[in-house]
Amino acid sequence: MRRLSQPDKAIVSLETELANLNASREKLLAQRVAAIDELDKARADRRESLGQNADIVATSAAVRDLKARIMDLDELLGDVDHDISEISERLARERGVHDRNERADALEKIASATDKRAREIEVAVAGLKLAVIALRAELPEDIKLWPTHYAHRPHGSVDDDNPTASPREVVAGVLADALARALPDLFDLSLDGYYRSALSRIMVPKGLRADWASDEPTQPLTAVKACEALISEPLRDLANEIRAGTASVSERGRPQVTYLKDPSPSRPPDEEVFVTSSLSYFATSVGPPLICGRGRAHMLPKPVADLAIWRELGHRMSSPEGIEALEEAKRRRERIRGYGDGAIRHDDCVALGDVLGLRASEDEIAEVERAIG
C-alpha cells in the first residue's frame, strides 16, 4: 500500500469530511421531505376537525411542531451547505497546490535525469575524442585524398580554398556518418540548391531565446553546460513558477511554452546570384562585412542581389547568363584541378555597404553618446 504524503493526507481528510457532510445533507433532506408530508397531513386533519367539532388545539399544536421542525431542518441544511462550500474551496486549493507541486516535481525530475545523461555523454565523448584524434593522427596534413573542385563545402569552411579534401574534413565526415548511422533523427536534411545533412549546434543557448544563428562565432559548451542551459535550468525555473502559481502547464510534465517575438526586423527573401566580382555587404548589425567571392553562386538577400545585378557584379541564377556562368566556372575549376583564387580580402571586394539598413546611423550613435554622457 502506497504511503501518503502530508499533502495527500490533507486532501484525503478534506475529501472524507466533504463526503460526510454530503451524506448528512442527504439525510436532512430526506427528513425535511418526510416532515413536509406530515405537515400536509396535519393541516388536512385540522381542516377536517373544524367541521366535526374535534380538538382543534391538538391538531394546531401538531401543525406548529411540524413547522418548527421544518425550520430547524432548513437551518441545519443552511449550516451544512455553508460547511460544504467552505470545505470544497479548501479542497480545491489543496488539490491545486498538490497538482502544481506534482507537475513541478515531474519537471525537476526530467531536469535531474537530463543532467545525469549529459554527464554520461561527456564520458562517452571523452572516449570518442581519443579515437577521433588517433584517426586524424594517422593522416599527414599534406596528404592528397580526393579533389574537391566539384564538392560543395559548407559555406565559410576553413578549407574553402583547399583543392583537395583535408584530413580535418575527412575525419569530420567519418565521424558525421557514424553519428548519422547511429542517430539518424538528430540530423536535419535541407535543400539549398543541393541536399545537405547536418547536426547543428545551438549557437545561442542562453538569454531570452535560444537560437541556431549568432552575429558572432560562439564557443561550444560541454554536454553538461549545454544541457543545463537548454534543458535543466529552464525546467527548474518553470517548476518554481508553477509552484508559485505564476505559470501553468497544459499537459502533465510538459511546459506551456510562450515564444518571444523576434525583436529583429523581418529578413527579406534570399535570391541566388552568381558573383562575377567579389563583393561585400553588412549581413548583421555588428561585426565585419560578409565577403562573397567571385566565381561562385551565393544566396543574397533580395535588396543586396538587386544592387549587385544593377552594378553588374553578377547574374541571377534564374537567368540563362547565371546558369552559363556557373557551368563555365565548374569547367574552369576542372581544368585547373580545383585551384581557385586565394583568400579574398575586404580590399579585393566591391563594398555594397549597409544595404539592409542594419547599422546605426552616425546621428543615432551621436544621440546615444549624448544620452550616456
Side-chain angles (χ1 to χ4, degrees), residues 1-113 232 234-259:
M1 182 176 179
R2 185 174 70 91
R3 295 181 61 184
L4 296 178
S5 64
Q6 281 304 122
D8 288 334
K9 289 179 180 178
I11 290 173
V12 169
S13 176
L14 289 171
E15 287 175 340
T16 301
E17 188 173 355
L18 185 60
N20 291 336
L21 285 169
N22 281 319
S24 297
R25 189 177 189 278
E26 291 298 321
K27 290 179 181 178
L28 291 172
L29 282 174
Q31 292 175 20
R32 187 178 186 277
V33 170
I36 290 174
D37 289 342
E38 290 182 32
L39 176 61
D40 290 341
K41 184 175 181 304
R43 282 172 172 166
D45 291 344
R46 186 172 62 175
R47 286 193 300 270
E48 186 177 343
S49 67
L50 289 174
Q52 298 175 358
N53 196 23
D55 189 354
I56 298 175
V57 174
T59 55
S60 295
V63 170
R64 285 195 302 273
D65 290 344
L66 287 168
K67 283 183 177 179
R69 185 180 177 190
I70 291 171
M71 287 179 63
D72 287 342
L73 288 170
D74 285 342
E75 187 175 345
L76 282 172
L77 281 168
D79 291 341
V80 169
D81 286 342
H82 176 272
D83 290 347
I84 287 175
S85 177
E86 186 180 72
I87 296 299
S88 296
E89 289 178 3
R90 287 175 55 192
L91 181 58
R93 288 196 298 271
E94 287 291 340
R95 283 174 173 168
V97 171
H98 180 266
D99 189 53
R100 292 200 303 273
N101 287 338
E102 189 177 61
R103 295 181 180 189
D105 287 344
L107 293 178
E108 290 186 338
K109 184 177 180 181
I110 295 171
S112 298
S232 57
L235 284 183
R236 289 190 176 101
D237 289 342
L238 180 59
N240 290 333
E241 292 175 7
I242 289 173
R243 280 201 177 89
T246 57
S248 62
V249 177
S250 58
E251 297 177 19
R252 182 172 299 275
R254 178 180 177 183
Q256 188 176 26
V257 181
T258 300
Y259 293 97

One pair to check against side chain to side chain contact (heavy atoms under 4.5 Å, CB included): Q31 and L28. What are the steps and the verdict?
CA-CA 5 Å; Q31 292 175 20; L28 291 172; 4.1 Å; yes
Once rounded to the nearest 0.5 Å, what's the spacing between atom [atom1] of [X] and atom [atom2] of [Y]?
| X | Y | atom1 | atom2 | answer |
| --- | --- | --- | --- | --- |
| E17 | E86 | CD | CD | 8.5 Å |
| L14 | L21 | CG | CG | 10.5 Å |
| L107 | I242 | CG | CD1 | 5.0 Å |
| I11 | H98 | CD1 | NE2 | 5.0 Å |
| R100 | T246 | CZ | OG1 | 9.0 Å |
| E102 | K109 | CD | NZ | 11.0 Å |

Checking salt bridge (charged side-chain N to carboxylate O under 4.0 Å, His left out) for the pair K41/D45: CA distance, chi angles, key distance, verdict?
CA-CA 6 Å; K41 184 175 181 304; D45 291 344; 3.4 Å; yes
Who passes side chain to side chain contact (heavy atoms under 4.5 Å, CB included) against N22, sequence neighbours left out?
L18, I84
Main-chain N/O of V12 paired with T16 side-chain donor or acceptor, under 3.5 Å:
yes
Kindly determine whether E15 and R95 satisfy side chain to side chain contact (heavy atoms under 4.5 Å, CB included), including the steps that lead there.
CA-CA 10 Å; E15 287 175 340; R95 283 174 173 168; 2.7 Å; yes
Check R236, R243, R103 against E108 for a salt bridge (charged side-chain N to carboxylate O under 4.0 Å, His left out) and give me the one that passes.
R243
Give the intermediate values and the outcome of side chain to side chain contact (heavy atoms under 4.5 Å, CB included) for residues R90 and R93.
CA-CA 5 Å; R90 287 175 55 192; R93 288 196 298 271; 3.2 Å; yes
Taking every heavy atom of A35 against every heavy atom of I70, the minimum-distance pair comes out as CB-CG1, 3.6 Å
Applying salt bridge (charged side-chain N to carboxylate O under 4.0 Å, His left out), which residue pairs with at least one partner in residues 22-35 are found, sequence neighbours left out?
R25-D81, R32-D74
Tell me, please, which residues at least two apart from D37 pass salt bridge (Lys or Arg N to Asp or Glu O under 4.0 Å).
none
